[in-house]
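Below: the structure, in structure tokens.
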Protein chains: 2
Amino acid sequence: MELNDLPKLHSDFSVDCVVFGFDKGELRILLIERAEEPFKDFLALPGNLVYDNENIDQAANRVLSELTGLNDVYMEQLYTFGDVNRHPQGRVITVAYFSLIKVKKHTLNPLSAYAKKAQWFSVADLQPLAFDHQQILEKAYKRLQNKIRYQPIGFELLPEKFTLSQLQQLYEVILEKPIDKRNFRKKILSFGLLIELDEKQKNVSHRAAKLYKFNKTRYNNLKKMGFSFEL
Amino acid sequence: MELNDLPKLHSDFSVDCVVFGFDKGELRILLIERAEEPFKDFLALPGNLVYDNENIDQAANRVLSELTGLNDVYMEQLYTFGDVNRHPQGRVITVAYFSLIKVKKHTLNPLSAYAKKAQWFSVADLQPLAFDHQQILEKAYKRLQNKIRYQPIGFELLPEKFTLSQLQQLYEVILEKPIDKRNFRKKILSFGLLIELDEKQKNVSHRAAKLYKFNKTRYNNLKKMGFSFEL
DNA sequence: TTAGGATATTGTATAAATTACACTAAAGAT
DNA sequence: ATCTTTAGTGTAATTTATACAATATCCTAA
């Protein structure tokens with residue numbers, strides 16, 4: 001059989017965005033409530049079809065912007081899901097993207113009536129999602145757990161200024177295990193990627209902790225030189 | 001602007017397979033010489049369009065089988081390439097797959113006249129490839145270098161029975177750096193994933209080395225229990 | 001038969017990294 | 001003033017990583 005004798009088939013092609021945030025001690029994910037069938041009223045990852053004249057990465061940014069109001073968000077490709085029956089209305093292949101953002105730094109403001117609203121939900125307890133979005137989320141969560149062990153991506157999820165305890169709590173939540181405080185601090189500080197600020201926490205009813213910020217310049221330099229940062 | 005007002009656009013959708021092998025001390029990749037335009041006579045990754053009634057993983061296996069004669073090859077998804085201009089004849093989004101096989105265990109035997117022939121080429125010195133396949137290969141090679149550091153995938157590329165020196169040479173070729181022999185053996189054997197056979201190399205003009213085989217059962221058990229195998 | 005060439009095999013001492021573990025300090029609340 | 005809560009800090013023991021070289025075995029060729 002010769003391949004070219006077969007009919008040329010077409011699929012719809014979409015992107016879905018898994019956007020993680022961290023707030024009030026919990027890992028969160030950005031979801032929209034669907035306003036239309038299929039899966040009307042279900043929670044879903046922000047996603048939509050890719051135009052023929054845009055690259056996939058661009059499409060991911062455009063779709064996220066339209067559905068949530070988030071702009072200029074760094075996203076990396078996660079995985080492509082293309083099971084024949086993943087969409088009830090026909091073949092739709094979707095490329096999932098993965099992103100980490102500072103919740104407080106962005107406001108949610110969807111342009112599209114397609115989504116009722118975009119909101120943060122705790123990853124820990126979620127109702128069932130539309131389509132195969134549960135599966136996509138699981139893949140993204142595993143990627144996050146894996147990635148945080150060798151790249152200092154935790155800083156993406158925290159405010160510009162943060163305490164070491166906040167950073168540790170983030171790691172504990174993502175990795176789902178307790179971490180020794182002294183060893184964690186020793187290790188994290190040994191990377192030399194934190195700048196200690198002349199500033200302390202405010203409005204806490206206990207000893208205020210020092211604030212730190214992430215040294216992005218130094219990180220980029222070290223990364224270029226092939227350093228890695230295993231926790 | 002409402003998304004649903006826009007015309008529904010269609011793209012072609014393909015898979016491409018990056019199949020690595022190891023032979024005569026070199027890392028090799030399976031390529032076909034294209035028999036048709038575009039990129040007639042160029043070397044290319046085995047790849048073709050996905051049918052609407054098959055999952056992407058299935059498509060990768062079918063396409064590889066048709067173009068090279070290789071069947072039942074384990075493949076994992078690598079990355080999706082979808083730049084608007086990656087294909088000169090229109091928008092084609094492609095999912096790249098990644099595979100490691102034992103060269104000697106398979107014979108190449110393409111069914112399709114689409115490819116002149118499928119052959120192994122040394123990764124070290126390659127002429128330019130068709131489309132963006134150079135870029136795909138680079139991504140795959142990086143994935144291989146990364147993966148071999150924490151998963152014992154080297155065994156996939158060697159014959160059933162192999163010597164520790166062969167294994168070390170494979171690691172050195174892939175990682176592009178020399179490795180200390182004693183430390184390498186210590187480390188590899190400490191995983192407990194090798195079975196020492198009562199057998200030695202034959203037909204070598206020097207001291208014959210012991211042969212080992214990979215303990216796949218034990219590997220699967222340990223993997224299930226969450227062990228990792230960092231080199 | 002023997003000497004030489006090639007690769008296989010093995011251990012140890014040192015340095016570095018990881019782990020386990022508990023008390024004092026600071027700040028606000030009562 | 002004292003209580004509560006979280007911040008901040010060091011060391012000893014263990015494990016892991018690294019650097020390094022001599023002997024063993026087998027084949028080849030003189």
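Here the structure is a predicted model, which means the values were calculated and not measured. Just so we're on the same page: letters track the sequence lines, and every chain starts at 1. When reading the values below, keep in mind they use all heavy atoms of this one structure, side chains included, and skip hydrogens, waters and symmetry mates.
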| Got a sec, which residues hit salt bridge (charged side-chain N to carboxylate O under 4.0 Å, His left out) with A:Asp180, two or more places apart in sequence or on another chain? | none

| By salt bridge (charged side-chain N to carboxylate O under 4.0 Å, His left out), which residues pair with B:Lys147, not counting sequence neighbours? | B:Glu76

| field | Nearest-angstrom distance from the residue atom CD of B:Gln201 to P of D:dC26 | value |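 Atom CD in B:Gln201 sits about 12 Å away from atom P in D:dC26.
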
Pairing of [X] and [Y] as salt bridge, 4.0 angstrom limit:
X: A:Arg62; Y: A:Glu66; value: yes
X: B:Glu199; Y: B:Lys161; value: yes
X: A:Lys104; Y: A:Asp23; value: yes
X: A:Lys24; Y: A:Glu26; value: no
X: B:Lys213; Y: B:Glu196; value: no

| Within the structure shown, what part of the strands sits under 4.0 Å from A:Lys202 by heavy-atom distance: base, sugar-phosphate, or nothing? | nothing

| message | Does anything in residues 207-215 of chain B come within less than 4.0 Å of DNA chain C? Heavy atoms only, and list the residues if so. | response | B:Arg207, B:Ala209, B:Lys210

| Within residues 185-198 of chain A, residues whose heavy atoms come under 4.0 Å of DNA chain C | A:Lys186, A:Lys187

Side-chain heavy-atom pair [X], [Y] within 4.5 angstrom cut-off:
X: A:Ile32; Y: A:Lys117; answer: no
X: B:Leu64; Y: B:Asn71; answer: no
X: B:Thr94; Y: B:Ile136; answer: yes
X: A:Asp125; Y: A:Phe121; answer: no

| query | Of the residues in residues 156-184 of chain B, which ones touch DNA chain D at a heavy-atom distance under 4.0 Å? | reply | B:Asp180, B:Arg182, B:Asn183

| task | Go through the side-chain N and O atoms of B:Asp57 and B:Tyr97 and say whether any donor and acceptor fall under 3.5 Å apart. | result |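 Yes, a side-chain donor-acceptor pair sits under 3.5 Å.
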
| field | B:Glu176 versus B:Gln145, side-chain donor and acceptor atoms under 3.5 Å | value |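 Note: B:Gln145 and B:Glu176 side chains meet the donor-acceptor criterion.
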
| said: What is the first contacted nucleotide of DNA chain C and what is the last, in 5' to 3' order, if contact means an atom lying under 4.0 angstrom from a heavy atom of chain B? | reply: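 The contact span of chain B on DNA chain C goes from C:dG5 to C:dT12.
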
